[in-house]
*Asks:* 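I'd like to ask you about the structure that follows.
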Protein chains: 2
Amino acid sequence: MAEPAQMRMTPSRRAILTELARACHPTADEIYRRVRRRLPRVSLGTVYRNLEVLQTSGLIRTLLDARGQRRYDARLDDHCHVRCEECGRVDDVRVLSERPLEESIEDDHGYEIRGHQLSFVGVCPECAPDAKGRDSSIDAGRPRPQRR
Amino acid sequence: MAEPAQMRMTPSRRAILTELARACHPTADEIYRRVRRRLPRVSLGTVYRNLEVLQTSGLIRTLLDARGQRRYDARLDDHCHVRCEECGRVDDVRVLSERPLEESIEDDHGYEIRGHQLSFVGVCPECAPDAKGRDSSIDAGRPRPQRR
DNA sequence: CTATGTGCAAAGTTTTTGCAGCGTG
DNA sequence: CACGCTGCAAAAACTTTGCACATAG
């Protein structure tokens with residue numbers, strides 16, 4: 001169940017990676033539907049398992065849309081997002097600006113900005129002691145062991 | 001189903017608000033368990049419905065922990081969070097510092113910081129046209145109509 | 001060959017809803 | 001006493017898993 005020592009490049013894996021690069025922050029289900037157009041026998045379970053492996057390997061990142069649904073991102077560099085509260089869509093945002101950030105986002109992306117959120121992700125003192133050897137990944141994160 | 005014209009202050013509502021102020025970013029289920037200690041007949045559905053009403057009324061905010069689970073926040077002013085990837089806990093963070101942010105968070109809160117995320121929340125151009133008359137609320141957000 | 005990956009289907013977790021009765025203002 | 005709230009139970013939405021078979025390296 002832990003990440004495999006060696007990751008094989010299978011057809012479904014490749015297809016998922018491809019769609020991930022093509023679509024903009026797709027959900028697991030969006031990837032599933034797209035991948036199935038070429039490989040009709042792929043299952044949703046496989047998509048989820050692959051997304052987990054890919055994230056653990058540091059090849060992709062997980063993020064959360066405004067509703068809490070997971071979305072996946074092929075971009076690995078640090079960058080910001082705008083999340084639509086109505087449809088769940090997530091766009092990348094340029095943070096190079098001389099004007100107030102909110103204002104320039106409204107101009108550049110047409111979003112009506114209602115707020116923002118800056119979160120740091122890490123491990124709290126109580127969970128930290130046993131530095132479990134992970135290190136990559138950011139954002140939303142790793143699969144839930146069990147939801148508590 | 002839209003927000004009621006008038007919000008009544010019922011015992012469960014009051015209890016939820018109390019626990020919300022007492023606990024630190026509780027999940028719906030945590031609130032539920034706490035409220036039940038005093039009002040054993042309260043149902044989870046009621047908790048969710050109340051949290052929604054309270055958020056819509058601008059009395060509380062919704063946020064997402066590192067796993068995507070919703071948590072609720074009684075603080076209404078803008079502030080930052082640290083989210084533990086292991087246990088899901090969310091703490092408030094002070095952003096007044098002369099040192100690099102990450103570093104000062106590690107010192108002040110004992111977290112091992114693995115990354116951060118800055119997201120803007122709003123309404124995308126495609127959903128915007130019909131400004132649906134909402135305006136309060138920020139962060140994670142409003143109830144999902146249907147998840148798509 | 002063998003460890004890793006897969007389809008399928010069932011189960012899990014969190015959140016939403018319908019309904020009939022209850023209670024606040 | 002009307003409209004909002006509630007408990008209860010069923011359903012929905014998303015994600016995880018067990019298992020037997022398939023396959024990359």
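The sequence lines fix the lettering, A, B, ..., with proteins before strands; numbering per chain opens at 1.
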*Asks:* What residues, two or more places apart in sequence or in another chain, satisfy side chain to side chain donor-acceptor pair (under 3.5 Å) together with A/Thr18?
*Replies:* none
*Asks:* Expressed as a whole number of angstroms, how long is the span from B/Leu51:CG to D/dC5:P?
*Replies:*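 Going from CG in B/Leu51 over to P in D/dC5 covers 14 Å.
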*Asks:* Quick one: label A/Arg41 by what it contacts on the DNA or RNA (base, sugar-phosphate, nothing), any heavy atom closer than 4.0 Å.
*Replies:*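 Sugar-phosphate: the residue A/Arg41, judged by heavy atoms under 4.0 Å, touches backbone atoms but no base.
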*Asks:* Do A/Arg49 and C/dG7 share a donor-acceptor pair, side chain to base, under 3.5 Å?
*Replies:*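 Indeed, a donor on one side and an acceptor on the other fall under 3.5 Å apart.
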*Asks:* Within less than 4.0 Å of OP1 or OP2 of C/dG7, is there a side-chain N or O belonging to A/Ser43?
*Replies:*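 For C/dG7, OP1/OP2 do have a side-chain N/O of A/Ser43 under 4.0 Å.
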*Asks:* Rounding to a whole Å, what distance do you find between A/Tyr72:OH and D/dC14:P?
*Replies:*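 Whole-Å distance recorded here is 12 Å.
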*Asks:* OP1 or OP2 of D/dT16 less than 4.0 angstrom from a side-chain nitrogen or oxygen of A/Arg70, does that happen here?
*Replies:* yes
*Asks:* Grab the CD-P distance between B/Glu52 and D/dG4 for me, whole Å please.
*Replies:* 14 Å
*Asks:* Any idea how A/His81 and A/His25 line up, ring-wise: parallel (<30°), tilted (30 to 60°), or perpendicular (>60°)?
*Replies:* perpendicular
*Asks:* Indicate the atoms forming the closest heavy-atom contact of B/Leu20 with B/Pro26, along with that distance.
*Replies:* CD1-CG, 3.6 Å
*Asks:* For the pair made of CG in A/Asn50 and P in C/dG7, what is the distance, rounded to whole Å?
*Replies:* 9 Å
*Asks:* Does a nitrogen or oxygen in the side chain of B/Thr10 sit under 4.0 Å from OP1 or OP2 of C/dT24?
*Replies:* no
*Asks:* Let me spell it out: for each of B/Tyr48 and B/Pro11, pick the nucleotide of DNA chain C with the closest heavy atom. Which residue's pick is nearer the 5' end?
*Replies:*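 Nearest nucleotide further toward 5': that of B/Tyr48.
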*Asks:* Compare side-chain N and O positions of B/Gln6 against OP1 and OP2 of D/dG4 and report whether any pair is under 4.0 Å apart.
*Replies:* no
*Asks:* Write down the distance between CG (B/Leu44) and C1' (C/dT15), rounded to a whole number of angstrom.
*Replies:* 9 Å
*Asks:* So which heavy atom on B/Ala28 is nearest to which on B/Leu44, and how close?
*Replies:*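 Heavy atoms of B/Ala28 and B/Leu44 come nearest at O-CD2, 4.3 Å.
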*Asks:* Rounding to an integer number of Å, can you tell me how far A/Tyr32 OH sits from C/dC8 P?
*Replies:*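 After rounding, the gap between these two atoms is 8 Å.
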